[in-house]
Amino acid sequence: MAEIAEKVKFWEEQQQINDLLIPRVVQATKTVETVAGQVTALTERVVAQQAELAEATKRVRRLERWCLAASVVAVVACVAAVGASLLATGVL
């Protein structure tokens, strides 16, 4: 009889432990699921922003090339104008 009483006491103690731990485990699981969802959402936003940044970088590079070309054309035009002016004044 004492052996059965010890087993009953053991399982009662286990039940008390479970009653304390199970709600905590359930809450921790919900928290992990929430955080995982937030991480997924943030990751998706980062990926989208990286794509936008890559596109913006391409546009900036195109503008840089255009500005460089426009600057070269402006310098050539300026040199040509100065040369024409020098020719017209007889300096050259």
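Computed from heavy atoms alone, side chains included, the values below leave out hydrogens, waters and symmetry copies.
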List, one per line, each side-chain donor-acceptor pair under 3.5 Å for residues 30-44, sequence neighbours excluded.
residue : atom : partner : partner atom : Å
Thr31   : OG1  : Gln27   : O            : 3.0
Thr34   : OG1  : Lys30   : O            : 2.9
Thr40   : OG1  : Ala36   : O            : 3.0
Thr43   : OG1  : Val39   : O            : 2.8

Would you please name every residue forming a side-chain contact (heavy atoms from CB on, under 4.5 Å) with [X], sequence neighbours left out?
X	value
Thr57	Leu53, Arg61
Gln16	none
Lys58	Glu55, Arg62

* Asked: Taking only residues two or more places apart in sequence or in another chain, which ones pass salt bridge (charged side-chain N to carboxylate O under 4.0 Å, His left out) with Lys7?
  ->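 Counting only residues at least two positions away or on another chain, Lys7 forms a salt bridge (charged side-chain N to carboxylate O under 4.0 Å, His left out) with Glu3.
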* **All salt bridge (charged side-chain N to carboxylate O under 4.0 Å, His left out) counterparts of Arg65, not counting sequence neighbours** =>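 Once residues adjacent in sequence are excluded, Arg65 has no partner under the salt bridge (charged side-chain N to carboxylate O under 4.0 Å, His left out) criterion.
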Under 3.5 Å donor-acceptor pairs involving side-chain atoms of residues 17-24, not counting sequence neighbours:
residue : atom : partner : partner atom : Å
Asn18   : ND2  : Gln14   : O            : 3.4
Asp19   : OD1  : Gln15   : NE2          : 2.8

* Just do the side-chain contact (heavy atoms from CB on, under 4.5 Å) check on Val60 and Glu64 with the steps written out, would you? => CA-CA 6 Å; Val60 166; Glu64 287 173 340; 3.9 Å; yes
* To do: List, by chain and then residue number, the residues other than Val8 in its hydrophobic cluster (Ile/Leu/Val/Met/Phe/Trp/Tyr, side-chain heavy atoms under 4.5 Å); write none if there are no others.
  =>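 Taking Ile, Leu, Val, Met, Phe, Trp and Tyr as members, Val8 shares its hydrophobic cluster with Ile4.
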* Val25: which other cluster members, linking ILVMFWY side chains closer than 4.5 Å, directly or transitively? ->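 Joined to Val25, directly or through intermediates: none.
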